[in-house]
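Counting starts at 1 for both ligands and their atoms, following the listed order.
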Amino acid sequence: MHKKHIWLAAFLLLAVFPLPACKITPQKDAATHPALIGPYLQNMTPNSVVVAWATPAGSTAVMASDTLVKHVDRYEYHSTLLTGLQPDTEYSYDILQDGTGRGKGTFHTYPRGPVPFHFCVLGDTRTGHDIHQQIVNRIIAEHPLFVVNTGDLVANGNNISLWETFFCINHDLIRNVPYYTVLGNHENDAKNYYDFFDLPGNERYYFFSVGDALFVVLDMEGPDLRAPDFLKGGSRELFWEQISKSYFVKEKAWLENLLSLNDDAGYIFVFFHPTWYSVKSSRVEEAARRRAFWGDIFERHQVSVVMNGHDHYYEHAFHDGTHYIVTAGGGAPLYNTDALQPETIKAEKVHHYLSIDVGDEQTLIRAIRTDGSLIEKIVIPRRNSPGNSAGFE
Ligand SMILES: [Fe+2]
């Protein structure tokens with residue numbers, strides 16, 4: 001999202017549009033369109049945060065003969081960068097100041113030092129809105145410092161109606177907690193994604209830090225440089241070599257530099273959408289090709305944990321000191337775990353999320369089912385601490 005500072009415009013629009021309760025209705029009619037999306041928090045640092053929201057800007061009706069086939073809402077996207085804040089401090093804000101709670105939120109700025117903090121991760125929230133809502137409610141109760149979604153936030157990034165539902169489900173979470181996103185294949189590299197989110201760097205692959213922990217988000221989808229469907233065999237491979245690959249070669253060089261320059265990090269967490277070790281038989285080969293391209297980059301740089309989505313289950317693999325977790329149980333239909341790998345430690349076909357406590361000496365990851373029960377507990381040692389060792393329960 002490109003920053004616009006349009007408080008006044010928001011007030012004027014909100015004076016025109018009423019504020020009905022947000023409803024989860026995949027097949028909406030005009031009466032159920034949200035009058036406001038957000039507010040929501042992005043891009044937190046110890047001294048700043050972005051507050052974002054979107055307001056209606058009309059809609060388009062698509063007719064076939066005399067029948068309405070589609071009603072597409074349009075939005076104006078707003079954000080304001082709040083600067084000059086104190087680290088590790090609680091603030092409240094109100095984008096409407098209309099005497100209601102609709103425009104209100106709170107946030108807690110990131111700490112400067114490596115103090116303990118708590119965050120949550122979920123993925124593939126794209127369908128199964130009730131499950132998504134259950135997980136969001138659990139995360140809200142944990143009061144995390146921030147949340148990461150490992151991609152496939154919605155079933156089709158080009159469908160604005162699905163984003164309306166997504167923001168409706170998340171409203172009570174993301175007005176108080178910064179939300180980081182990863183590009184999934186279902187985002188379809190859609191303009192809507194970039195309109196709504198205000199992420200660091202180029203917004204496709206980026207990093208942020210909290211205390212002395214480094215968080216790296218990668219884009220494994222790439223811009224729309226996929227080979228046309230009619231290309232086959234050698235032509236497809238040539239298309240990848242000569243057209244698509246250059247994007248990932250550049251991203252890989254960026255990652256190599258980033259990890260080299262952050263060797264002092266207490267923890268390094270990496271996020272991308274597709275899996276590193278798939279235990280879904282039809283995707284094992286694809287994951288092997290991915291590992292062949294990226295090589296040993298995560299292990300060589302002592303990355304603490306890699307977290308993925310895409311395969312709708314929970315899986316934990318471990319290789320050469322790096323943990324690989326598939327957390328794609330945010331709502332999408334579950335897959336069978338029918339191809340366990342030598343690196344697999346735990347796999348379960350279950351909706352779930354991750355609850356993570358980053359501490360001075362170690363990080364504790366708990367994988368939690370929607371009913372609150374524990375799937376697995378993983379202990380991650382602080383980097384560069386030879387006395388510590390990983391543990392699983
Ligand atoms: Fe996916």
Checklist line | CZ/F207: more than 12 non-hydrogen atoms of other groups inside 6.0 Å | finding: no
Notebook entry, point to check: Ring centroid separation for F269 and F119, is it under 6.0 angstrom?
Noted result: yes
Next item on the list: Decide whether a cation-pi geometry holds between K252 and F293; the criteria are a distance under 6.0 Å from NZ or CZ to the six-membered ring centre and an angle within 45° of the ring axis.
Entry: yes
Item checked: Nearest to the Fe ion (ligand 1) - the N/O/S atom of H273, by atom name -> NE2
Item checked: the Fe ion (ligand 1) contact by D152, N, O or S atom under 2.8 Å -> yes
Check: Is the distance from the Fe ion (ligand 1) to the nearest N/O/S atom of H186 under 2.8 Å?
Finding: no
Checklist line | Qualifying residue for ring-ring contact (aromatic ring centres under 6.0 Å, His included) with Y40, from F107, F167, Y180, Y93 | finding: F167
Next item on the list: Just give me the atom name: the N, O or S atom of H310 closest to the Fe ion (ligand 1).
Entry: ND1
